[in-house]
Amino acid sequence: MRMSQLMTKTLRQAPAEADTVSHQLLVRAGMIHQVASGIYAYLPLGWRVLRNLEQIIREELDGAGGQEVSMPVLQPHELWQRTGRDQAFGQSLFTLTDRRERRLCLGPTHEEIITELVRHQVRSYRDLPLLLYQIQTKFRDEPRPRGGLLRVREFPMMDLYSFDTDEEGLDASYQKMRRAYLNIFERCGLPTMEVEADSGAIGGKDSHEFMVVAESGEDVIIRCRQCKYAANMEKAQSAKAEGEHGPLKEKEEIATPGMKSIEEVAGYLGIAKMQTLKAVFYAADGSLIFVLIRGDLEVNETKLKNALKCADLQLAGEERVRQAGLVAGWASPIGLSGVRTVADDSIKMGSNFVAGANRPDYHLSNVNYPRDFQVDTMLDIAVAQPGQGCPRCGSPLVSTRGIEAGHIFKLGTVFSEGLGASFLDQKGETRPIIMGCYGIGVGRLMAAAIEQNHDDKGIVWPVPLSPYHVYLCPLGADKADVATAAEEIYAELGSKGIEVLLDDRQESPGVKFNDVDLLGIPLRLVISPRTLKSKSAELKWRDSEQSELLPLEGMVRRIEELLRPGNRPGHPQ
RNA sequence: CGGGGUGUAGCGCAGCGGGUUAGCGCGCAUGGUUUGGGACCAUGAGGUCGGAGGUUCAAAUCCUCUCACCCCGACCA
């Protein structure tokens with residue numbers, strides 16, 4: 001490609017609204033163009049990168065036995081009602097109505113469609129297992145798009161679905177995909193961390209996310225430095241510190257004027273926060289829930305939501321709490337009736353707690369479970385925090401932020417039962433197909449790659465992702481010998497299938513060098529009267545300060561070698 | 001949805017206690033001089049000042065409403 005023909009325009013300054021590095025660089029390098037909030041066009045360079053990513057993904061999935069299909073974006077809304085996921089997705093589901101008043105939606109994902117599809121294709125255990133995937137545009141009406149390509153409303157995504165006859169088959173498919181994912185991310189030059197993930201309200205067992213560690217990531221990862229434990233904060237567990245277990249004392253009412261929060265109460269009484277019990281009120285699909293947790297801990301709403309199996313969970317308003325006969329700020333688990341109570345298991349880890357008296361300005365001391373009150377449900381609903389102990393080995397946990405690049409998930413029979421996708425086993429009995437699903441946000445992966453590979457001058461593409469492999473730059477192209485040499489090399493590299501960008505623009509060297517640094521092309525090849533004196537061209541890697549002279553003779557072959565994975569001297573990858 | 005912010009040329013910004021023809025830098029076009037790290041000179045094009053309504057002799061500037069975009073939170077298989 002000749003740069004003079006390429007539709008691209010580099011910007012010295014990024015638009016004011018871009019504040020993550022990848023967003024700024026994608027715009028400055030002319031890779032994407034924002035059309036509306038969370039809606040982007042991919043320009044020629046950006047599209048090439050995206051296609052490179054897709055290609056890597058295809059190769060790995062095909063290698064793992066995947067078969068590519070293409071399913072419609074436009075889907076009958078009725079199908080989503082049948083699985084109840086119109087509710088689960090709620091407002092994030094883009095919906096529309098056709099001319100016959102039929103309700104349709106734009107697919108945010110494709111479990112319904114593929115299950116419906118497989119239902120018609122699969123009859124017998126002999127038709128299984130299957131791994132089907134597509135790379136398709138997804139639509140989600142996110143409440144808040146952000147970070148350029150990191151969270152958008154329309155985005156390219158690879159989604160693969162596995163279909164097996166039994167759990168063992170599912171486990172095998174899951175492991176196959178795990179390995180394929182690791183290969184994909186490795187080939188993309190992206191170190192990822194595999195973490196345990198929340199499996200959501202819709203059942204399923206195992207679920208893992210592949211995280212690219214980055215400050216701009218939206219997810220918080222809790223992990224252990226000692227053992228391999230790592231989990232999304234939504235899912236993460238921790239060993240909670242044990243409180244004091246003394247002889248149970250008589251409970252007593254104590255005055256706590258104006259002291260509503262745990263901070264205030266503990267401070268006022270001069271006791272540790274872990275000597276208190278905290279009451280939090282939620283509305284789960286509309287009904288009030290009393291949540292109790294030890295004062296030093298926070299409620300993990302994902303865990304709570306899973307425990308309640310509700311679609312919608314929000315903090316309950318004060319009005320709602322008052323109506324239930326509770327006194328916000330001094331609410332007590334004692335003497336509750338008609339309200340579902342969920343407690344974190346931390347309330348058993350300690351004794352003689354301070355809790356509300358359900359009377360303004362008063363708390364109760366020496367409150368003990370189960371002596372003084374009962375709960376409906378007791379389980380772990382606490383947020384795991386750095387500094388707490390690892391649930392496996394007890395070492396202190398640490399946290400980092402990450403971008404979710406991929407997610408794999410054992411679905412089980414949720415969709416196959418819901419939509420009637422079954423097969424006949426060897427005994428001729430009808431059984432539901434066992435499913436798994438596996439997604440990679442391709443656009444987000446592109447942004448993550450930049451978050452991870454850039455410097456103050458611009459993008460530093462890993463070779464397999466770069467829109468072009470070689471940037472060929474004649475300096476002083478008005479000299480006939482320079483122009484001729486550049487054209488010859490350009491043609492020869494091209495004939496070898498090496499993707500070359502020839503900078504034939506009438507620009508000063510500074511402009512060209514800064515542009516190629518911004519675009520992030522891995523290999524820079526400069527030809528000038530100076531290099532021609534020694535019958536050579538100057539070769540420089542994007543991520544290196546040093547350059548070397550490469551003889552014109554045999555140069556194309558040398559570059560071919562260098563670009564092959566693992567062939568770069570001093571670079572293991 | 002709650003909180004905060006910004007809308008003036010393609011990008012970054014100034015102007016805003018009302019007052020001619022709305023500026024600056026970068027970019028763009030033309031001509032010329034340059035050519036190893038964002039060159040220089042000259043000339044030029046490009047604006048419904050986000051939109052609507054209002055106040056006024058007069059509105060980018062004051063008032064009301066509205067829209068868009070960004071950030072924090074909520075939300076997010």
Applying a 3.5 Å limit to both distances, which nucleotide forms a Watson-Crick or G-U wobble pair with [N]?
N     : answer
B:C49 : none
B:C69 : B:G5
B:A22 : none
B:U34 : none
B:C76 : none
B:G44 : B:C28
B:U55 : none

Heavy-atom closest pair, residues [X] and [Y]:
X      : Y      : result
A:M158 : A:Y181 : CE-OH, 3.4 Å
A:I293 : A:I381 : CD1-O, 4.3 Å
A:S162 : A:L131 : CB-CD2, 3.5 Å
A:S207 : A:H407 : OG-NE2, 2.6 Å
A:Y468 : A:P522 : O-CD, 3.5 Å

Mapping A:E404 and A:S37 to their closest nucleotides on RNA chain B, which lands nearer the 5' end?
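The residue mapped nearer the 5' terminus is A:S37.
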Upstream residue (5' side of RNA chain B) when A:G38 and A:V526 are each assigned their closest nucleotide
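The answer here is A:V526.
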For the side chain to side chain donor-acceptor pair (under 3.5 Å) test, which of A:Q136, A:E116, A:K138 pairs with A:H110?
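Output: one option passes, namely A:K138.
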Test A:R542 against A:D455 for salt bridge (charged side-chain N to carboxylate O under 4.0 Å, His left out), laying out the working first.
CA-CA 10 Å; A:R542 172 63 179 83; A:D455 60 19; 2.8 Å; yes
I want to know whether A:F281 and A:F290 have ring centres closer than 6.0 Å.
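Here the rings of A:F290 and A:F281 have centres that are less than 6.0 Å from each other.
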Parallel, tilted or perpendicular: which describes the rings of A:Y174 and A:H208, with under 30° parallel and over 60° perpendicular?
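If you compare the ring of A:Y174 with that of A:H208, the planes turn out tilted.
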Check the orientation of A:F210 and A:F185. Use parallel for under 30°, tilted for 30 to 60°, and perpendicular for over 60°.
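Because their plane-to-plane angle lies in the 30° to 60° range, the rings of A:F210 and A:F185 count as tilted.
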Full working for side chain to side chain donor-acceptor pair (under 3.5 Å) between A:D141 and A:S92
CA-CA 4 Å; A:D141 197 356; A:S92 294; over 6 Å; no
By the 4.0 Å heavy-atom rule, please label [X] as base, sugar-phosphate, or nothing.
X      : result
A:T20  : nothing
A:R140 : nothing
A:E111 : base
A:G30  : nothing
A:V27  : nothing
A:E209 : nothing
A:S92  : nothing
A:P145 : sugar-phosphate
A:E538 : base

Among A:E264, A:E263, A:E298, salt bridge (charged side-chain N to carboxylate O under 4.0 Å, His left out) partner for A:K278:
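The single option meeting the salt bridge (charged side-chain N to carboxylate O under 4.0 Å, His left out) with A:K278 is A:E298.
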Distances under 3.5 Å between protein N/O atoms and the N/O atoms of nucleotides 3-6 of chain B, please, pair by pair.
none

Mind checking the [atom1] distance from [N] to [M]? Whole angstroms is fine.
N     : M     : atom1 : value
B:C75 : B:C1  : C1'   : 10 Å
B:G38 : B:U43 : P     : 25 Å
B:A58 : B:A45 : C1'   : 30 Å
B:G2  : B:C63 : P     : 23 Å
B:A60 : B:A52 : P     : 12 Å
B:G10 : B:C28 : C1'   : 8 Å
B:U56 : B:G50 : P     : 23 Å
B:G18 : B:U55 : C1'   : 11 Å

Interface polar pairs with nucleotides 37-39 of chain B, N/O, under 3.5 angstrom:
unit_1, atom_1, unit_2, atom_2, d
B:G37, O6, A:R524, NH1, 2.5
B:G37, O6, A:R524, NH2, 3.4
B:G37, N1, A:D517, OD2, 2.9
B:G37, N2, A:N514, OD1, 3.2
B:G37, N2, A:D517, OD2, 2.5
B:G38, O4', A:N514, ND2, 3.1
B:G38, O2', A:R12, NH1, 2.9
B:G38, O2', A:R12, NH2, 3.0
B:G38, O6, A:R28, NH2, 3.4
B:G38, N2, A:D515, OD1, 3.1
B:A39, OP2, A:S508, OG, 3.1

Ignoring hydrogens and angles, state whether a donor on the side chain of A:R178 or A:Q175 is under 3.5 Å from an acceptor on the partner side chain.
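A donor-acceptor contact under 3.5 Å links the two side chains.
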Qualifying residues under side-chain hydrogen bond (donor to acceptor under 3.5 Å, both in side chains), relative to A:T531, sequence neighbours excluded
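A:T531 satisfies side-chain hydrogen bond (donor to acceptor under 3.5 Å, both in side chains) with no residue once adjacent residues are dropped.
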Examine A:R524 relative to A:F513 and say whether NZ or CZ is less than 6.0 Å from the centre of the six-membered ring and inside a 45° cone about the ring axis.
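That pair qualifies as a cation-pi contact.
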Whole angstrom is fine here: how far is it from CE in A:M211 over to P in B:C76?
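So the CE-P distance, A:M211 to B:C76, works out to 15 Å.
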Of all of residues 149-160 of chain A, which get a heavy atom below 4.0 angstrom from RNA chain B, listed by number?
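When residues 149-160 of chain A is checked for heavy atoms under 4.0 Å from RNA chain B, the hits, listed by number, are A:R151.
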Ignoring backbone atoms, establish whether A:Q91 has a side-chain N or O less than 4.0 Å from OP1 or OP2 of B:C76.
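No, no such contact exists.
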Given B:C71, is OP1 or OP2 found less than 4.0 Å from the side-chain N or O atoms of A:R146?
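So the side-chain polar atoms of A:R146 never come under 4.0 Å of the phosphate oxygens OP1 or OP2 of B:C71.
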Apply salt bridge (charged side-chain N to carboxylate O under 4.0 Å, His left out) to the pair A:E507 and A:K512, showing each step before the final yes or no.
CA-CA 7 Å; A:E507 287 289 354; A:K512 292 179 168 184; over 6 Å; no
Just the atom pairs and distances: protein N or O near nucleotides 12-14 of chain B's N or O, under 3.5 Å.
unit_1, atom_1, unit_2, atom_2, d
B:G12, OP1, A:A16, N, 2.6
B:G12, O4', A:Q13, OE1, 3.4
B:G12, O2', A:Q13, NE2, 3.1

side-chain contact (heavy atoms from CB on, under 4.5 Å) partner of A:L104, chosen from A:L79, A:V73, A:L74
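Option passing the side-chain contact (heavy atoms from CB on, under 4.5 Å) with A:L104: A:L74.
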Option passing side-chain contact (heavy atoms from CB on, under 4.5 Å) with A:L132 (candidates A:V118, A:D159, A:L160):
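The option that passes is A:V118.
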Between the protein and nucleotides 44-46 of chain B, list every N/O to N/O distance that falls short of 3.5 Å.
none

Hey, is CD on A:Q5 packed in by over 12 heavy atoms from elsewhere, all under 6.0 Å?
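Count over threshold, so yes.
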